[in-house]
Engineer: 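Please see the structure below; I have some questions.
All values below were derived from every heavy atom in this structure, side-chain atoms included, with hydrogens, water molecules and symmetry-related copies excluded. In this chain, residues are counted from 1 in sequence order.
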Amino acid sequence: MGLIGMRLLVLEDEYLIGLELERIAEECGARSVHLVSTVDELLGWIDSDAVCDIAILEVQARGLSSLEAAFLLQQSGIPIVFTTAYDQQLSGITGFPGVPVVEKPYGKTQILQAVRLALGANQLAPKQNGPSGELV
């Protein structure tokens, strides 16, 4: 269901939310999840030439913007989903037209819908009916 065989890169500065997102990804069939908690760790990951299929990035991690790193990932052809707790960012992130933004708290359904949008619905396994998942 959902993320079968995918390699995810996740920037989340709240440890428990990061673990929950990792659990959701693994439950949905992700091959791997690389979790970072700071923009510096994210930039280090980008510099390492590691590989991922999609990045789920908190817009502001520990008070620092992730947009520069998001731009670098996008330039490399990696689809992005943004997460945020700030209402003013829900209508979209300037400079990233069409990139899905998911509001915290979110559940499995919201993350999977955003990933489908970022990747294109035809690249993911068919959506299964069921509960929306726990709020994160």
Side-chain angles (χ1 to χ4, degrees):
M1 156 171 92
L3 303 172
I4 295 171
M6 299 189 80
R7 298 163 294 188
L8 278 70
L9 171 62
V10 175
L11 169 64
E12 175 53 63
D13 65 0
E14 295 185 39
Y15 182 71
L16 293 177
I17 293 174
L19 287 179
E20 180 64 8
L21 189 51
E22 184 176 41
R23 184 198 65 76
I24 288 169
E26 289 171 353
E27 178 181 290
C28 293
R31 179 181 353 172
S32 65
V33 179
H34 185 83
L35 183 60
V36 296
S37 62
T38 68
V39 173
D40 283 343
E41 288 176 327
L42 178 60
L43 291 170
W45 185 92
I46 293 168
D47 287 343
S48 75
D49 293 324
V51 180
C52 72
D53 298 306
I54 190 164
I56 300 174
L57 307 177
E58 187 170 7
V59 176
Q60 293 269 337
R62 296 188 183 171
L64 296 176
S65 170
S66 67
L67 299 184
E68 177 186 332
F71 179 76
L72 294 172
L73 290 167
Q74 213 174 38
Q75 291 297 104
S76 298
I78 298 169
I80 298 166
V81 170
F82 286 117
T83 65
T84 187
Y86 300 104
D87 290 343
Q88 68 270 25
Q89 297 172 331
L90 294 178
S91 61
I93 306 298
T94 303
F96 294 89
V99 174
V101 180
V102 180
E103 181 180 18
K104 292 180 178 181
Y106 50 78
K108 180 168 55 175
T109 297
Q110 291 85 6
I111 289 295
L112 290 177
Q113 287 173 344
V115 167
R116 282 186 186 93
L117 284 173
L119 292 172
N122 61 343
Q123 292 182 351
L124 289 178
K127 184 174 164 182
Q128 293 184 356
N129 293 329
S132 65
E134 303 80 32
L135 289 180
V136 179

Engineer: Quick one: pull up CD1 in I56 and CD1 in I24 and give me the separation to the nearest 0.5 Å.
Structural biologist: 9.0 Å
Engineer: Are V39 and S65 close enough that some pair of their side-chain heavy atoms sits under 4.5 Å apart?
Structural biologist: no
Engineer: From L21 CG over to E26 CD, what is the distance, rounded to the nearest 0.5 angstrom?
Structural biologist: 10.0 Å
Engineer: List the atom pairs, donor and acceptor, that lie under 3.5 Å between side-chain atoms in residues 94-102 and the rest of the protein, sequence neighbours left out.
Structural biologist:
none

Engineer: Testing L73, L67, T83 one by one against L57 for a side-chain contact (heavy atoms from CB on, under 4.5 Å), which residue passes?
Structural biologist: L73
Engineer: If the threshold is 4.0 Å, N to carboxylate O, is there a salt bridge linking R23 and E20?
Structural biologist: yes
Engineer: My understanding is that only residues two or more places apart in sequence, or in another chain, count here; which of them pass side chain to side chain donor-acceptor pair (under 3.5 Å) with E41?
Structural biologist: S37
Engineer: Tell me whether V36 is reachable from F71 by hopping between hydrophobic residues (I, L, V, M, F, W, Y) whose side-chain heavy atoms are closer than 4.5 Å.
Structural biologist: yes
Engineer: Compare every heavy atom of I111 with every heavy atom of Y106, then report the nearest pair and how far apart it is.
Structural biologist: CD1-CG1, 3.4 Å
Engineer: Once rounded to the nearest 0.5 Å, what's the spacing between atom CD of Q60 and atom OG of S66?
Structural biologist: 7.5 Å
Engineer: Taking all non-hydrogen atoms of both residues, which atom of D13 and which atom of R62 are closest, and how far apart?
Structural biologist: OD2-N, 2.5 Å
Engineer: To the nearest 0.5 Å, how far apart are CZ in F82 and CD1 in I93?
Structural biologist: 6.0 Å
Engineer: Which residues pass the side chain to side chain contact (heavy atoms under 4.5 Å, CB included) test with L72, sequence neighbours left out?
Structural biologist: L43, I46
Engineer: Could you check if a side-chain atom of V59 sits within less than 4.5 angstrom of a side-chain atom of Y86, using non-hydrogen atoms only?
Structural biologist: no
Engineer: Would you mind listing every side-chain hydrogen bond (donor to acceptor under 3.5 Å, both in side chains) that reaches into residues 67-78, with sequence neighbours excluded?
Structural biologist: none
Engineer: What is the minimum heavy-atom distance between A118 and I54, and which atoms define it?
Structural biologist: CB-CD1, 3.9 Å
Engineer: Atom CD1 in I80, atom CG in L11: separation rounded to 0.5 Å?
Structural biologist: 11.0 Å
Engineer: Who pairs with R7 by side chain to side chain donor-acceptor pair (under 3.5 Å), at least two apart in sequence or on another chain?
Structural biologist: D53
Engineer: Tell me every residue that passes side chain to side chain contact (heavy atoms under 4.5 Å, CB included) with A25, counting only those two or more places apart in sequence or in another chain.
Structural biologist: L3, L8, A30, V33
Engineer: Not counting sequence neighbours, which residues clear side chain to side chain donor-acceptor pair (under 3.5 Å) with E12? List them please.
Structural biologist: K104
Engineer: Is there a donor-acceptor pair closer than 3.5 Å between any side-chain N or O of Q113 and the backbone N or O of Q110?
Structural biologist: no
